[in-house]
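Structure record follows, encoded as structure tokens.
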Amino acid sequence: MEQVISVVIAGPRGKMGKEAVKLVENTQGMKLSAVIDRKYNHQKLSDIEGFSSDSRIYTDPEECFKAEQPDVLIDLTTPETGYLHAKTALLNGVRPVIGTTGFTQHELNELKDLSKSKQLGTIIAPNFAIGAILMMKFSQMAAKYFEDVEIIEMHHDQKLDAPSGTGLKTAEMIQEQRKSKPQGHPDEKETVAGSRGGDIDGIRIHSVRLPGLVAHQQVMFGGDGQLLTIKHDSHDRGSFMSGVKLCIHSVMNLEELVYGVENIID
Ligand SMILES: NC(=O)C1=CN([C@@H]2O[C@H](COP(=O)(O)OP(=O)(O)OC[C@H]3O[C@@H](n4cnc5c(N)ncnc54)[C@H](O)[C@@H]3O)[C@@H](O)[C@H]2O)C=CC1
Ligand SMILES: O=C(O)C1=N[C@H](C(=O)O)C[C@H](O)C1
């Protein structure tokens, strides 16, 4: 008989959380055992307009994990909360799949160590969309041939973290491929602070925040007489859901932390 994976979703009323609730409820072999919200403690999700599930709401993650003993936590909240939820999940025997972005390197290292010591899988996924993962992989490939690169990431204006998790991960993947190189003129001066963007090992990263955007990124490589632009657009949050589903299945077979969905696809 197929194993049913029981899932807790943190942030069910958020833009991503709503989509994830629909995904888990409509996927055979998965069960939404509970949700973690800032409000509505001990009510049912169906008490909130727009939801039909009878899953219980908890405001305290520890109480939720102890009472429900789910297999997987999906976190789609805010950087501080996501980190706390991931840690609490691991300490209570629950495998985290973290879509929330904006963790510090120290937090990532701590979760990596905890995941390993508990021998429980964790997936930190800066971007669940398959197209975005390919965009990052293609950029890493291109960096072998083009050493000059700048990243422009564009998101809706409700986003809390900058640069985006995807932008950071892209820069890290490019870093693995190319030698450190400052971008632009060695004597360049900013007359307006920040106009050259953030600097990750010489890779410039620019964050645009505007209403009307969802999640978009272009990685621009410059060479003699040519320009290569690798671009991805998520027009709708449905674009992330096949990746969420893949991660829920994959994390069940892991015993340590994986950072990036590119590491679990063929
Ligand atoms: N990995 C990926 O592919 C994607 C990741 N994201 C990330 O997911 C996160 C959420 O994004 P959105 O849904 O757009 O944000 P949102 O602002 O629409 O939703 C966040 C939700 O978290 C809830 N929340 C905040 N603190 C909480 C707490 N202590 N306990 C329970 N719930 C809490 C809020 O009430 C809100 O409903 C962000 O970090 C974003 O960067 C977003 C899209 C794709
Ligand atoms: O906040 C968002 O919306 C998104 N966040 C992730 C990120 O920071 O890269 C993934 C995607 O870009 C959407």
Side-chain angles (χ1 to χ4, degrees), residues 8-23 34-41 45 48 50-51 57-65 73-89 96-104 107 123-136 151-173 198 205 207-219 231-248 258-262 264:
V8 160
I9 296 177
R13 288 182 296 122
K15 292 183 281 300
M16 280 290 283
K18 278 184 195 140
E19 292 293 324
V21 166
K22 278 193 269 171
L23 170 82
V35 297
I36 303 173
D37 200 300
R38 281 192 294 199
K39 299 204 287 193
Y40 308 111
N41 198 23
L45 193 51
I48 304 174
F51 294 97
I57 304 172
Y58 293 84
T59 51
D60 180 344
E62 180 139 28
E63 184 195 346
C64 173
F65 299 142
L73 160 74
I74 303 178
D75 191 274
L76 298 159
T77 59
T78 63
E80 299 74 26
T81 307
Y83 165 68
L84 195 77
H85 285 173
K87 199 168 161 178
T88 312
V97 170
I98 308 297
T100 304
T101 50
F103 289 6
T104 63
E107 289 169 339
I123 298 177
I124 308 267
N127 201 313
F128 288 113
I130 183 69
I133 293 153
L134 291 173
M135 173 264 295
M136 290 187 256
I151 299 171
I152 306 171
E153 56 92 347
M154 293 163 278
H155 283 83
H156 57 91
D157 64 351
Q158 299 305 301
K159 187 161 179 58
L160 295 177
D161 53 317
S164 68
T166 310
L168 267 178
K169 184 72 163 108
T170 309
E172 287 165 16
M173 288 170 69
I205 180 159
S207 299
V208 178
R209 298 289 178 264
L210 284 172
L213 291 168
V214 178
H216 318 261
Q217 179 167 297
Q218 11 187 317
V219 186
K231 182 170 179 281
H232 176 260
D233 298 279
S234 272
H235 295 296
D236 169 317
R237 290 176 180 84
S239 62
F240 303 112
M241 291 304 127
S242 57
V244 174
K245 187 172 161 185
L246 172 72
C247 288
I248 295 172
V258 169
Y259 172 45
V261 179
E262 69 281 2
I264 56 169

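What you see is a predicted model; the values in this text were computed from it and never measured. Counting starts at 1 for both ligands and their atoms, in listed order.
- From the protein, the heavy atom lying nearest to atom 12 (O) of ligand 2 is H155 NE2, 2.6 Å.
- Below 4.0 Å from some heavy atom of L76 lie the following atoms of ligand 1, by number and element: 10 (C), 20 (C), 21 (C), 22 (O).
- Residue contact check for ligand 2: Q217 places no non-hydrogen atom closer than 4.0 Å to it.
- Annotation: atom 5 (N) of ligand 2 to nearest protein heavy atom, K159 NZ, 3.1 Å.
- For the pair K159 and ligand 1, the shortest N or O to N or O distance falls below 3.5 Å.
- Remark: minimum distance from atom 33 (C) of ligand 1 to any protein heavy atom is reached at R38 CG, 3.6 Å.
- Around atom NZ of K87, no more than 12 heavy atoms belonging to other residues, nucleotides or ligands sit under 6.0 Å away.
- Between the T100 side chain and the T77 main chain, a donor and an acceptor come within less than 3.5 Å of each other.
- The contact set between ligand 1 and R13, taken as ligand atoms under 4.0 Å from a residue heavy atom, comprises 37 (O).
- Nearest to atom 9 (O) of ligand 2 among the protein's heavy atoms is T166 OG1, 2.5 Å.
- With respect to atom 7 (C) of ligand 2, the closest heavy atom belonging to the protein is G165 N, 3.4 Å.
- Close approach of ligand 2 to N127 is summarised as follows: ligand atoms under 4.0 Å from at least one heavy atom of the residue are 10 (C), 11 (C), 12 (O).
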Test Y83 against T104 for side chain to side chain contact (heavy atoms under 4.5 Å, CB included), laying out the working first. CA-CA 9 Å; Y83 165 68; T104 63; over 6 Å; no
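- Interatomic distance, I124 CD1 to I98 CD1, rounded to the nearest 0.5 Å: 5.5 Å.
- Here the heavy atom of the protein found nearest to atom 40 (C) of ligand 1 is T101 OG1, 3.8 Å.
- Among all non-hydrogen protein atoms, the one lying nearest atom 3 (O) of ligand 1 is F128 N, 2.8 Å.
- Using modelled atom types, one side-chain atom of N41 and one backbone atom of T59 make a donor-acceptor pair closer than 3.5 Å.
- Distance alone, capped at 3.5 Å, is enough to place a donor-acceptor pair between the D236 side chain and the G238 backbone.
- Remark: D37 CG to I48 CD1 distance equals 5.5 Å, nearest 0.5 Å.
- Rounding to the nearest 0.5 Å gives a distance of 4.5 Å between CD of Q218 and CE of M154.
- In terms of N/O distances under 3.5 Å, ligand 1 is not approached by F240.
- In this structure, the separation between OH on Y259 and CD1 on I264 is 14.5 Å, given to the nearest 0.5 Å.
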Could you walk me through whether N127 and F240 pass side chain to side chain contact (heavy atoms under 4.5 Å, CB included), step by step? CA-CA 7 Å; N127 201 313; F240 303 112; 3.3 Å; yes
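- The closest non-hydrogen atom to atom 31 (C) of ligand 1, taken over D37, I9, T166, T100, comes from D37.
- Contacts with ligand 1 closer than 4.0 Å are made by no heavy atom of S164, backbone or side chain.
- Protein heavy atom closest to atom 10 (C) of ligand 2, with residue, atom name and distance, is P126 O, 3.2 Å.
- Taking a cut-off of under 4.0 Å to the non-hydrogen atoms of N127, the atoms of ligand 1 that pass are 1 (N), 2 (C), 3 (O).
- The shortest contact between atom 44 (C) of ligand 1 and any protein heavy atom is with M16 CE, 3.4 Å.
- For atom 5 (C) of ligand 1, the nearest non-hydrogen atom of the protein is G99 O, 3.0 Å.
- Atom 29 (N) of ligand 1 has T81 CG2, 3.2 Å as its closest protein atom, hydrogens excluded (heavy atom only).
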Is there a side chain to side chain contact (heavy atoms under 4.5 Å, CB included) between K22 and M241 once you walk through the steps? CA-CA 10 Å; K22 278 193 269 171; M241 291 304 127; over 6 Å; no
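- Contacts between T101 and ligand 2, counted as non-hydrogen atom pairs separated by less than 4.0 Å, involve the side chain only.
- Not close to ligand 1: A10, with no non-hydrogen atom less than 4.0 angstrom away.
- For atom 3 (O) of ligand 2, the nearest non-hydrogen atom of the protein is H156 NE2, 2.9 Å.
- For the side chain to side chain contact (heavy atoms under 4.5 Å, CB included) test with F128, the passing option among V244, I133, I123 is V244; the others fail.
- Short contacts between ligand 2 and A215, defined as distances under 4.0 Å to a heavy atom of the residue, involve ligand atoms 11 (C), 12 (O), 13 (C).
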Evaluate the side chain to side chain contact (heavy atoms under 4.5 Å, CB included) criterion for residues H155 and L213: first the C-alpha distance (whole Å), next the side-chain angles of each, then the deciding distance (0.1 Å), finally the verdict. CA-CA 5 Å; H155 283 83; L213 291 168; 5.7 Å; no
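- In the model, T166 has no side-chain atom that pairs as donor or acceptor with a side-chain atom of E153 under 3.5 Å.
- For atom 14 (O) of ligand 1, the closest heavy atom belonging to the protein is K15 CE, 3.3 Å.
- Distance alone, capped at 3.5 Å, places no donor-acceptor pair between the T101 side chain and the S164 backbone.
- For ligand 1, the atoms sitting less than 4.0 Å from at least one non-hydrogen atom of I36 are 31 (C), 32 (N), numbered in the order shown with element in parentheses.
- Interatomic distance, CG of L210 versus NZ of K159, reported as 14.5 Å (0.5 Å rounding).
- Considering only non-hydrogen protein atoms, atom 1 (N) of ligand 1 sits nearest to A125 O, 2.8 Å.
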